[in-house]
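Notes follow once the structure below has been shown.
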Amino acid sequence: MSENAVKPRVRFAPSPTGYLHVGGARTALFNWLFARHTGGTFILRIEDTDFERSSEEMVEGILDGMSWLGLNWDEGPFYQSKRLDLYRATAEKLLASGHAYRCFCTKEELEQRRAEATAAGRQPMYDRRCRTLSEETAKQRVAAGEMSALRFAVPEQGTTFFDDAVFGRIEFANAELEDFVLLRSDGIPTYHLSVVADDVDMRLTHIIRGADHLSNTPKQVLQYRALGAELPVFAHVPLILGPDKTRLSKRHGATSVLAYKDLGIVPEAFRNFLSLLGWSPEGDNKNREIFSSQEVTSLFSLSGISKSNAVFGNEKLAWYNQEYIRNYSAEMLLPLVEQEWVKAGIWPERPREELLSTLDLLKARARNLTDFAIAFRAYFSDEYEIDPTAAAKFLKDTQVRALLVELASRYMNATEFTEQSAETILRAFAEEKQVKPGLLINGARVALTGQAVAPSLFTVMMALGHQRVVKRLTAAEQIAVPA
RNA sequence: GGCGCCAUGGUGUAAUUGGUUAACACGCCGCCCUCUCAAGGCGGAGAGUUCGGGUUCGAUCCCCGAUGGCGCUACCA
C-alpha cells in the first residue's frame with residue numbers, strides 16, 4: 001500500500017425488513033474479513049427508510065446474528081431513519097445542479113401508464129414528462145401545495161460503466177436507465193439516494209455487497225458523478241441459492257442465521273463454511289477446508305471471490321460442525337453445551353472435571369451442540385428417555401433384561417469398578433450364562449444411555465459411575481419395549 | 001418482454017492466466033477395525049468442463065452464437 005493510500009472503509013447495510021439471512025451474513029462476513037485483513041474500518045448501517053416494512057425486532061435479530069457470528073463493527077450502527085437531513089441536503093444539491101427534477105405524477109398515474117405501456121408492448125419506463133417542466137412551473141405547483149417526488153435526470157445518451165472488483169467492467173446504456181426517484185413525495189429518500197449519500201458521507205472506499213445490486217450500480221455511479229464524488233471500488237458477491245437453485249428463502253428451511261444457532265451449529269463452523277461459499281484462498285491453501293478465523297482473515301482478498309452463484313449445501317455445513325465439535329477441547333465446548341442444557345432444562349450437578357471428561361468422551365460422535373442435551377441426555381441427567389427403536393433392537397428378549405438385572409448385582413458386589421474390571425465381570429458373566437458378550441453389551445448400552453449409539457460401553461460406565469450403572473441396570477427389567 | 005450477470009461430477013471449489021490421465025473437500029457405495037455408532041484406514045462410482053461453431057499445432061481457459069439459471073426492471077431495499 002502506498003504512502004497516501006487511505007485505510008479501507010467498508011460497510012454492511014442490511015435492511016431490517018427481514019432476518020439476517022445466510023446471504024446477508026456472508027456479505028457481512030466478507031466485509032468484515034476485508035476490513036480486518038486490510039486494517040480498515042467496518043461500519044454497520046441499518047437501512048430502515050422503508051418505514052412500512054422495517055421493524056425494531058428485525059434490527060435486534062440482525063444484531064444478534066452478527067454477534068453470534070462474531071462480526072464486530074467499528075462504527076455504528078447508524079440508522080438511516082435518523083439521517084434524513086443528509087439525504088434532503090444531498091437531494092437539494094442534485095436539484096440545484098440540474099441533475100434532478102421535481103415530478104408531479106402520482107403513483108396511480110404512473111401505475112396506469114406502466115400498465116398501458118406494457119399492454120402496448122413498450123418498455124414500462126417512466127416517460128420523463130415532468131423533466132421538461134420549467135423551474136417556474138415546478139415552483140408554482142409546489143407553492144400551490146402539489147405533492148412532488150424528486151427524480152434523477154439520467155443522461156439520454158451515452159453509457160455508464162464501472163469496474164467491478166469481481167466481475168470486471170460492467171457497462172450499461174443510459175437509455176436503459178430510468179429517471180429513478182430519489183426522494184419520495186413524503187420527503188423520505190429511496191434506497192438509490194440514501195445509499196449514495198451515506199456511502200459518500202461515510203467515506204467508504206469499497207462497496208462489497210450482493211450481486212443483486214449489480215443492476216442498480218449505474219444509477220449510483222451517475223449520482224457519484226453528479227455529486228463530484230470519487231467512485232468507490234465496487235465488489236459484487238454472487239448470490240447464495242437453495243438446493244433447488246432458486247434464491248434462498250423460507251421454504252428452504254432455516255433462513256435466519258439464528259436458526260442455525262438453535263440447530264446447535266457452532267458459530268466458528270458456520271463462519272468457516274460461509275467463508276468458502278463463493279470465495280477461495282489463493283496459493284498453497286486451495287485444498288484445505290478448515291481455516292481458523294485468523295487464517296481466513298489473513299488470506300482473504302477480493303480477487304478470490306468467484307462470479308457464479310453458490311448453492312447452500314447443508315451436508316457440508318453438517319460436516320464442518322461435526323469437525324469443529326470433535327476438535328474442540330472440552331473446555332471450549334463446555335460453555336456452548338451449557339447453553340443447550342439450559343434450554344433443555346438440565347442442570348448437571350457434577351464436578352466440572354467429570355463433565356469435561358464426559359464431553360471428551362462424547363464429542364467425537366456429536367453432530368450438533370443440541371446432541372449434548374438430547375441424544376446424550378442420559379450422561380448428564382437421570383431423567384432420560386429410552387429410544388424405542390434401540391430398545392426394540394437390543395432389549396426385546398426378556399432373558400437379556402433379566403440377565404442385565406443379575407449383572408447389576410455382580411457390579412454392586414464388585415470390590416473395584418474400573419474399565420478393566422467392569423469388562424472382565426461382564427465377559428465372565430456372559431460365559432457363565434452361555435450368551436454372547438455382545439448381547440449383554442448392547443443391551444446394557446441401551447439401558448445405561450437410552451441409545452443404541454454410544455462410545456465403548458465400559459468407558460461409558462466409568463463416565464456414569466458405579467452407582468448409576470448399578471441403578472440403571474437394575475431397572476432394565478422395567479424398560480418398556482415396543483412390540 | 002427489456003437489460004445485466006453467470007455456466008467445471010449431486011454440492012462447494014481448484015486447475016502454473018492455452019499444453020493435467022481435469023484436482024481437493026462434502027455427500028454416496030464397498031471393505032477393514034469392532035460391543036453399537038461415530039472417527040480413522042483402504043478402495044470405488046461419479047464431470048471430458050451446458051451445447052454448437054470458430055481462433056490455434058493444441059482449448060476448462062480466447063472469440064461468436066444458442067440454451068439454461070440468477071438478478072434488476074417500484075415514490076422496496
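Note that these values count all heavy atoms, side chains included, but never hydrogens, waters or copies made by symmetry. A, B, ... follow the sequence lines: proteins, then strands. Residue 1 opens every chain.
The base of rC75(B) is paired with the side chain of Ser185(A) by a donor and an acceptor separated by under 3.5 Å.
Residue His236(A) contributes atom NE2, which lies 13 Å from atom C1' of rA77(B) at whole-angstrom precision. One interatomic measurement links the two molecules: NZ of Lys286(A) to C1' of rA22(B), which rounds to 15 Å at whole-angstrom precision. The distance between atom CZ of Phe12(A) and atom P of rA77(B), rounded to the nearest whole Å, is 16 Å. Distance Arg122(A) CZ to rC3(B) C1': 18 Å, rounded to the nearest Å. Between Asn327(A) atom CG and rG40(B) atom P the separation is 9 Å, expressed in whole Å. Glu323(A) has its CD atom 9 Å from the P atom of rG27(B), to the nearest Å. Rounded to a whole Å, the CG atom of Asn285(A) is 17 Å from the P atom of rU13(B).
With rU13(B), rA25(B), rG4(B) as the choices, the nucleotide that has an atom nearest any side-chain atom of Ser280(A) turns out to be rU13(B).
OP1 or OP2 of rA39(B) sits under 4.0 Å from a side-chain N or O of Gln322(A).
For Lys107(A) and Glu111(A), the salt-bridge test fails: no basic side-chain N is under 4.0 Å from an acidic carboxylate O. A salt bridge links Asp212(A) with Arg247(A): at least one charged nitrogen is closer than 4.0 Å to a carboxylate oxygen. Salt-bridge annotation for Glu432(A) and Arg410(A): present, with a side-chain N of the basic residue lying under 4.0 Å from a carboxylate O of the acidic one. A salt bridge is absent between Arg326(A) and Asp360(A); no separation between the charged side-chain nitrogens and carboxylate oxygens falls under 4.0 Å.
The residue Arg427(A) sits close only to the backbone: its heavy atoms come under 4.0 Å of sugar-phosphate atoms, none of a base. At a threshold of 4.0 angstrom between heavy atoms, the contacts of Gly278(A) are confined to the sugar-phosphate backbone, with no base atom among them. Counting any heavy atom pair closer than 4.0 Å across all strands shown, Arg326(A) reaches sugar-phosphate atoms only and no base atom. Heavy atoms of Glu176(A) sit under 4.0 angstrom from primed sugar atoms or phosphate atoms, though from no base atom. Residue contacts for Leu276(A): at a heavy-atom cut-off of 4.0 Å it reaches the sugar-phosphate backbone alone, with no base atom in range. Using a 4.0 Å heavy-atom criterion, one finds that Pro455(A) contacts the bases of the nucleic acid, with or without backbone contacts as well.
Taking atom C1' in both rA47(B) and rU11(B), the straight-line distance is 13 Å, to the nearest Å. rG30(B) sits 35 Å from rG69(B) when the P atoms are compared, rounded to a whole Å. Comparing the C1' positions of rU17(B) and rA74(B) gives an interatomic distance of 42 Å, to the nearest angstrom. rC37(B) and rG44(B) have their P atoms separated by 25 Å, given to the nearest Å.
Among the candidates Arg102(A), Arg129(A), Arg128(A), the single residue satisfying the salt bridge (charged side-chain N to carboxylate O under 4.0 Å, His left out) test with Asp179(A) is Arg128(A).
The stretch residues 429-447 of chain A comes close to RNA chain B through Ile441(A), Asn442(A), Arg445(A), each having a heavy atom under 4.0 Å from the strand. Within residues 103-111 of chain A, the residues having any heavy atom closer than 4.0 Å to RNA chain B are, in order of number, Cys105(A), Thr106(A), Lys107(A), Leu110(A).
Ring centers of Phe30(A) and Phe300(A): under 6.0 Å apart, within the cut-off. For an aromatic pair to be called close, the ring centres must be under 6.0 Å apart, and His466(A) with Tyr411(A) fails this.
Not counting sequence neighbours, the partners of Arg113(A) by the salt bridge (Lys or Arg N to Asp or Glu O under 4.0 Å) test are Glu109(A), Asp127(A).
Not a single donor-acceptor pair under 3.5 Å links the side chain of Arg151(A) to the backbone N or O of Ala100(A).
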Kindly give the atom pairs (protein nitrogen or oxygen, nucleotide nitrogen or oxygen) under 3.5 Å for nucleotides 6-11 of chain B.
| unit_1 | atom_1 | unit_2 | atom_2 | d |
| --- | --- | --- | --- | --- |
| rU11(B) | OP1 | Lys245(A) | NZ | 2.7 |

Taking only nitrogen or oxygen atoms into account, show me every contact under 3.5 Å that the protein makes with nucleotides 71-74 of chain B, one pair per line with its distance.
| unit_1 | atom_1 | unit_2 | atom_2 | d |
| --- | --- | --- | --- | --- |
| rG71(B) | O2' | Asp212(A) | O | 3.3 |
| rG71(B) | N2 | Ser215(A) | OG | 3.3 |

### Message
For a side chain to side chain contact (heavy atoms under 4.5 Å, CB included) check, start with the C-alpha distance between His236(A) and Val166(A), then their side-chain angles and the critical distance, and finish with the verdict.
### Response
CA-CA 6 Å; His236(A) 287 93; Val166(A) 174; 5.5 Å; no
### Task
Do nucleotides 42-52 of chain B as a string where each nucleotide becomes B, S or -: B if the base has a protein heavy atom under 4.0 Å, S if just the sugar-phosphate does, - if no protein is that close.
-----------
